[in-house]
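Structure record follows, encoded as structure tokens.
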Amino acid sequence: MDRYDPSVIEPKWQAYWDERKTFKTPETPRSEKKAYILDMFPYPSGSGLHVGHPEGYTATDIVARYKRARGYDVLHPMGWDAFGLPAEQHAIQTGTHPRVTTQENIATFKRQLKMLGFSYDWDREIDTTDPAYVRWTQWIFLELFERGLAYQSEVPVNWCPALGTVLANEEIINGLSERGGHPVVRIPIRQWMLRITEYADKLLEGLDLTEWPSSTRTMQIEWIGRSEGAQVRFETVDGGDSVEVYTTRPDTLLGCTFVVLAPEHPLVEKLTSEAKRAEVEAYVAAAKAKSERDRQASKEKTGVFTGGYVVNPVNGEKIPVYIADYVLAGYGTGAIMAVPAHDQRDFEFAKAHGLPIREVVSKDGNPSREPLEEAMIEEGIAVNSGPYNGLKTAEFKAKIIEDLQTSGKGERRVETKLRDWVFSRQRYWGEPIPIYFPVETEGDPRKGDPYTIDYSKPMPVPREELPLELPELDDFRPGEDPEGVLARAVEWRFFERDGKFYARETNTMPQWAGSCWYYLRFIDPHNDKEPFSQEAAKRWLPVDLYVGGAEHAVLHLLYARFWHKVLYDAGIVPVPEPFQKLVHQGMILGEIEYTAFRRPSGELVSAREVKSTADGEIHEPSGAPVTREKVDSARAKKDERGEWVLASDPSIALEARAHKMSKSRGNVVNPDEIVREFGADAMRVYEMFMGPLEATKPWNTASIGGVRRFLDRAYQIAKKSDASAEASPELLQLLHQTIRKVTDDIEALHFNTAISALMVLSNELNRLNAVPKEAVSIFARLLHPFAPHLGEEIWAMLGHGESVQFADWPEYDASLAERSEVEIPVQILGKVRGRITIAKDADQEQALARAKELPQILSQLEGKTIRKVIYVPGRILNLIVG
RNA sequence: GCGAGAGUGGCGGAAUUGGCAGACGCGCCGGACUUAGGAUCCGGUGUCUUCGGACGUGCGGGUUCAAGCCCCGCCUCUCGCACCA
């Protein structure tokens with residue numbers, strides 16, 4: 001072959017790898033060193049791979065190939081997170097079974113991944129919808145159930161009867177479903193819950209054991225939202241009931257001037273006086289009608305007085321009770337003690353409703369002279385607090401909790417924002433929850449006879465009966481029954497045993513379930529005795545490198561850690577944390593776009609004058625709406641202020657930015673087309689060359705040409721390989737510097753600079769008419785993790801019979817990589833005036849002597865004296881003159 | 001509003017962490033080879049310049065012999081959170 005032709009060599013090597021099983025995970029340990037390198041497995045959507053997928057996959061593939069070359073036992077698997085709504089929606093619309101759609105989509109994804117030459121061990125492929133996998137997902141659910149971590153609860157959900165489904169808050173607009181505009185009601189539905197809150201502390205502490213991005217750690221910490229405080233009882237004035245409040249500032253108890261209940265609080269009705277009843281009921285009804293979102297949208301402190309009073313447990317003071325929707329029913333106890341002097345929200349409410357503000361903490365221990373203008377939320381020293389005066393906040397907290405506990409009026413309490421996990425879906429395409437219930441019936445419920453299911457007695461499906469498979473259905477539409485789609489499969493749902501009828505759970509698991517433990521199945525994917533063996537777990541866990549999108553920073557990563565910790569406590573996994581090092585690849589945006597704005601009158605307006613409002617974008621001075629218009633980059637230029645403007649009319653500023661890829665914007669890049677035009681290696685190298693892995697970066701198809709030219713050159717270099725040619729000292733040095741740079745950069749996941757080092761080397765090698773074979777050999781081995789097909793091809797051209805994957809990673813010789821002589825700049829007063837070439841470890845005198853040989857330095861020194869010499873060997877010589 | 005990250009040529013980005021700003025690539029300009037070029041190869045390319053040099057890493061200050069990097073104060077963008085008591 002004369003020219004580099006990826007369309008020929010890429011399929012050739014892919015077939016070679018497949019046949020030889022080049023990337024098969026070693027069954028028995030061959031090495032002391034192991035590396036479990038994992039991608040977040042994809043949901044195989046109908047639209048196939050987009051260019052964002054291969055970014056992370058290429059990064060892990062480079063590391064996997066590099067680690068194998070370094071003698072590690074590498075586990076690098078891939079699979080499919082294949083349950084999920086889109087396939088079910090498709091089934092509802094077309095009648096095609098979700099399994100069929102899913103299998104087709106998987107085939108497409110797999111073809112595309114193979115096309116890119118990733119070194120997965122395909123023998124370990126996982127499909128979460130495979131009954132052999134579902135079996136163990138259900139098995140783990142039973143593990144949770146038996147540990148009391150899975151329970152049923154009536155949870156208020158957004159139920160849309162017309163769609164027959166539960167909607168997320170985001171899917172509701174003004175009380176109507178986003179799709180279709182159907183009414184949505186909040187009704188309690190029986191749901192399976194997982195007690196993740198019980199693991200809140202362990203989930204927090206475990207973060208310290210991992211090497212994760214600090215942003216992700218912070219997000220998890222905030223999501224869990226742990227706070228320490230006290231639960232305090234305020235008895236009603238008649239003593240019949242008490243309002244429990246949660247506070248993180250029990251030290252401000254004496255500054256409490258009112259108590260506020262959430263509108264949904266169970267005591268609202270009891271506390272409301274007759275005189276206030278109508279007003280309160282109206283407020284409660286209005287609050288209920290608003291969606292969660294709308295309620296949180298307004299920060300205005302609305303609320304009404306109930307007419308009821310409670311008693312301050314410390315000083316016996318009578319305190320009015322309000323209801324307000326700034327108090328959330330779902331957090332703490334759904335009731336607060338309001339301390340307007342030291343809580344901004346309470347302060348605003350007090351101001352709005354004319355309630356007293358009593359200062360009980362101050363910076364210096366003296367009450368303020370002026371009324372507070374805003375809440376003083378910081379800690380300080382107690383004032384106006386009787387016997388507690390003078391205590392520092394922390395001391396006060398400890399003391400008062402002790403006192404409350406003694407008097408039986410309160411106790412210490414830890415609260416989290418994290419809620420228990422609603423684990424059931426009223427859907428078809430998910431894992432059936434392996435639980436059944438007793439049924440009361442006179443006849444046979446399968447024949448339509450009346451029945452009652454006793455949901456209070458859940459029973460686990462025996463493990464030997466797993467997997468509990470989904471029934472075959474023709475109609476996947478959600479029905480009116482909130483028990484879910486499966487409730488219609490009566491033959492599946494009901495069964496008779498020992499003369500009694502039982503009903504299976506008809507809820508299915510959420511999509512998260514399969515992804516909660518897939519990394520555990522990969523270590524032993526064909527085991528039919530247990531989810532995975534203990535030996536495999538000891539050998540491979542934890543995952544050493546986990547790469548995936550930041551959109552999973554909280555939910556997937558928190559849920560998977562939760563399951564992992566349960567299994568750890570059960571003694572089933574040997575390490576406390578599943579993912580040792582985590583990296584999020586950045587998003588790849590579409591190509592940069594220049595946009596002009598046009599008024600309806602036809603004239604263009606400057607982007608500076610365009611503001612986006614709720615009703616769209618408008619031209620601010622005139623208030624007229626504007627439309628966007630794409631401008632070719634050739635018609636745009638940058639003006640003196642550094643602003644992008646229309647070349648033909650610089651008064652018209654343009655918007656210049658890259659947008660997220662989306663179908664509607666029409667800027668989606670298809671990997672198939674890129675591979676067809678430039679080759680898989682070029683696509684891989686380009687994606688790694690774009691910039692740092694973690695950065696968000698715009699796509700630019702033109703730039704792939706540069707990468708392709710680099711690969712072309714690499715091929716030409718290989719053709720010039722000459723066993724009799726010898727490397728010059730300069731080349732030898734460059735070779736060893738490149739080995740060092742590429743090795744260090746791969747370890748640090750700095751692929752963009754590793755590639756640039758390879759380009760520098762290739763530029764040098766390409767200058768030669770005969771390239772020393774040893775240089776080509778090193779080059780091929782350094783290149784192959786990035787461009788594996790070409791790496792193999794060049795390796796074969798050098799006469800090797802085995803895959804380059806089995807070749808040793810080149811080692812660099814530090815003494816060869818270092819220069820003995822370096823060129824350093826000579827500065828006068830911090831400005832570069834010349835350069836000298838000098839021994840790396842030359843002393844100051846030598847350096848100064850050499851500098852004085854330079855005419856441009858001498859002329860600068862004329863008539864001046866050197867006051868100070870700063871010399872950093874190998875770096876700089878700076879002369880301070882005066 | 002709060003939190004995190006970022007801002008460097010026309011563009012993507014480098015810069016051993018305080019030591020030559022702009023590696024590498026795209027684009028652009030010029031040249032070679034060509035019937036041809038959206039192919040290939042070679043050279044140039046931060047801005048201004050009186051060709052000595054001056055200026056230059058979002059803006060304004062500061063520390064230092066020396067600042068893209070450290071400190072103080074702002075601006076802009078991206079992401080996350082958003083009444084959590």
Side-chain angles (χ1 to χ4, degrees), chain A residues 3 213-216 218-219 222-223 225 227 229 245-249 252 260 295-301 324-328 330-339 342-346 348-349 415-419 550-551 553-554 584 586-587 589 591-592 633 636-638 642 644 656-658 685-686 689-692 694-707 709-710 712-713 716 741 744 750 752-760 762-763 766 823-832 834-835 856 859 867-872 874-881:
Chain A
R3 301 182 54 80
S214 62
S215 58
T216 304
T218 305
M219 280 164 75
E222 286 176 357
W223 188 264
S227 72
V245 305
Y246 172 70
T247 175
T248 56
R249 292 294 301 273
T252 61
V260 188
R295 271 169 75 165
Q296 298 198 357
S298 160
K299 299 263 178 196
E300 223 174 295
K301 297 289 176 292
D325 66 2
Y326 83 90
V327 174
L328 308 176
Y331 185 77
T333 59
I336 61 155
M337 59 173 219
V339 184
H342 305 290
D343 182 287
Q344 190 57 32
R345 296 152 301 182
D346 298 343
E348 286 163 21
F349 190 86
E415 185 62 28
T416 59
K417 282 197 251 180
L418 179 69
R419 310 280 83 196
E551 65 273 20
V554 175
H584 301 301
M587 203 191 322
L589 304 174
E591 298 228 11
I592 196 153
S633 63
K637 68 164 189 181
K638 230 178 194 183
W644 282 98
R657 60 183 299 175
V685 174
Y686 170 63
F689 186 60
M690 289 171 83
E694 295 92 334
T696 302
K697 17 189 198 287
W699 181 268
N700 178 232
T701 298
S703 289
I704 306 176
V707 167
R709 276 191 283 282
F710 160 63
D712 275 324
R713 265 198 308 277
Q716 296 307 321
K741 177 81 179 144
D744 292 351
H750 293 164
N752 54 332
T753 48
I755 291 165
S756 111
L758 287 168
M759 286 174 168
V760 171
S762 82
N763 289 343
N766 198 36
E823 190 190 67
I824 65 167
V826 180
Q827 298 181 334
I828 306 286
L829 289 169
K831 288 191 196 291
V832 179
R835 294 163 205 290
Q856 65 271 37
S859 67
R867 299 196 179 278
K868 194 174 172 189
V869 177
I870 290 127
Y871 174 61
V872 183
R875 289 250 192 271
I876 204 157
L877 176 65
N878 188 6
L879 307 178
I880 310 307
V881 299

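Sequence lines set the chain letters: A, B, ... in the order given, protein chains first and strands last, and positions in each chain run from 1.
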Distance check needed: [N] [atom2] versus [X] [atom1], whole Å only.
X: A:Asp744; N: B:A15; atom1: CG; atom2: P; result: 13 Å
X: A:Tyr686; N: B:C11; atom1: OH; atom2: C1'; result: 10 Å
X: A:Ile704; N: B:C26; atom1: CD1; atom2: C1'; result: 11 Å
X: A:Ile592; N: B:C26; atom1: CD1; atom2: C1'; result: 13 Å
X: A:Leu879; N: B:G19; atom1: CG; atom2: C1'; result: 14 Å
X: A:Asn700; N: B:C28; atom1: CG; atom2: P; result: 11 Å
X: A:Trp223; N: B:C2; atom1: CH2; atom2: P; result: 22 Å
X: A:Glu222; N: B:C2; atom1: CD; atom2: P; result: 14 Å

Going from [atom1] on [X] to [atom2] on [Y], what distance comes out if it is rounded to the nearest 0.5 angstrom?
X: A:His750; Y: A:Ser756; atom1: NE2; atom2: OG; value: 12.5 Å
X: A:Lys301; Y: A:Gln344; atom1: NZ; atom2: CD; value: 8.5 Å
X: A:Thr753; Y: A:Lys741; atom1: OG1; atom2: NZ; value: 4.0 Å
X: A:Ile876; Y: A:Ile870; atom1: CD1; atom2: CD1; value: 9.0 Å
X: A:Asp343; Y: A:Thr252; atom1: CG; atom2: OG1; value: 8.5 Å
X: A:Lys868; Y: A:Leu829; atom1: NZ; atom2: CG; value: 12.0 Å

Audit row: A:Trp699, A:Tyr686, side chain to side chain contact (heavy atoms under 4.5 Å, CB included) steps and yes/no: CA-CA 10 Å; A:Trp699 181 268; A:Tyr686 170 63; 3.6 Å; yes
Test side chain to side chain contact (heavy atoms under 4.5 Å, CB included) applied to A:Arg249 and A:Val339, step by step: CA-CA 9 Å; A:Arg249 292 294 301 273; A:Val339 184; over 6 Å; no
Closest-nucleotide 5' rank along RNA chain B - winner of A:Gly330 and A:Phe689: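 With A:Phe689 and A:Gly330 compared, the 5'-side residue is A:Phe689.
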Comparing A:Asp712 and A:Ile876 on RNA chain B - which has the more 5′ nearest nucleotide: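 Closer to the 5' end of RNA chain B: A:Ile876.
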Between [options], which one does the side chain of [X] approach most closely?
X: A:Thr248; options: B:A15, B:G12, B:A85; result: B:A85
X: A:Lys831; options: B:C83, B:G80, B:A54; result: B:A54
X: A:Pro698; options: B:G12, B:U78, B:A14; result: B:G12
X: A:Ser756; options: B:A23, B:A54, B:C26; result: B:A23
X: A:Tyr326; options: B:C24, B:C83, B:A54; result: B:C83
X: A:Asp343; options: B:G13, B:C24, B:A85; result: B:A85
X: A:Met759; options: B:C83, B:A85, B:G25; result: B:G25

Donor-acceptor pair, side chain of A:Lys697 and main chain of A:Pro692, under 3.5 angstrom: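 It does hold such a pair.
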When rounded to the nearest Å, what value does the distance between [atom1] atoms of [N] and [M] take?
N: B:G38; M: B:C51; atom1: P; answer: 40 Å
N: B:C29; M: B:A39; atom1: P; answer: 13 Å
N: B:A23; M: B:G18; atom1: P; answer: 23 Å
N: B:G68; M: B:U16; atom1: C1'; answer: 15 Å
N: B:C2; M: B:C69; atom1: P; answer: 25 Å
N: B:G13; M: B:C24; atom1: C1'; answer: 9 Å
N: B:C83; M: B:G73; atom1: C1'; answer: 31 Å
N: B:C72; M: B:U78; atom1: P; answer: 26 Å

G-U wobble or Watson-Crick pairing nucleotide for [N] (cut-off 3.5 Å, both distances):
N: B:C65; answer: B:G19
N: B:U57; answer: none
N: B:A39; answer: none
N: B:G80; answer: B:C2

Closest approach of A:Asn878 to A:Gly830 (non-hydrogen atoms, all atoms of both residues):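 Nearest heavy atoms, A:Asn878 then A:Gly830: OD1-N, 3.0 Å.
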Minimum heavy-atom distance between A:Tyr246 and A:Gly229, given as atom pair plus value: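 Shortest heavy-atom separation between A:Tyr246 and A:Gly229 comes out as OH-N, 3.5 Å.
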Syn or anti: how is [N] classified when any glycosidic angle within 90° of 0 counts as syn?
N: B:U17; value: syn
N: B:G58; value: anti
N: B:G52; value: syn

Taking N or O atoms only and anything under 3.5 Å, show me the protein contacts with nucleotides 59-67 of chain B, one pair per line.
unit_1, atom_1, unit_2, atom_2, d
B:C65, O2', A:Asn878, ND2, 3.4
B:C65, O2, A:Asn878, ND2, 2.5

Need one value for [X]: base, sugar-phosphate or nothing, where a base atom within 4.0 Å counts as base even if backbone is also close, heavy atoms only.
X: A:Lys637; value: nothing
X: A:Lys638; value: sugar-phosphate
X: A:Asn763; value: sugar-phosphate
X: A:Ser227; value: sugar-phosphate
X: A:Trp644; value: sugar-phosphate
X: A:Glu823; value: base
X: A:Val872; value: base

Candidate pair A:Tyr871 and A:Ile824, rule side chain to side chain contact (heavy atoms under 4.5 Å, CB included), full reasoning: CA-CA 10 Å; A:Tyr871 174 61; A:Ile824 65 167; 3.9 Å; yes
N or O in side chain of A:Arg709 less than 4.0 angstrom from B:C41 OP1/OP2: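 Answer is no, no contact under 4.0 Å.
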A:Arg875 side chain near B:G18 phosphate (N/O to OP1/OP2, under 4.0 Å):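 Answer is no, no contact under 4.0 Å.
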N/O-N/O pairs, protein side and nucleotides 43-52 of chain B side, under 3.5 Å:
none

Mutual orientation of the aromatic rings belonging to A:Phe349 and A:Tyr326 [parallel < 30°, tilted 30-60°, perpendicular > 60°]: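 It falls in the tilted class, 30° to 60°.
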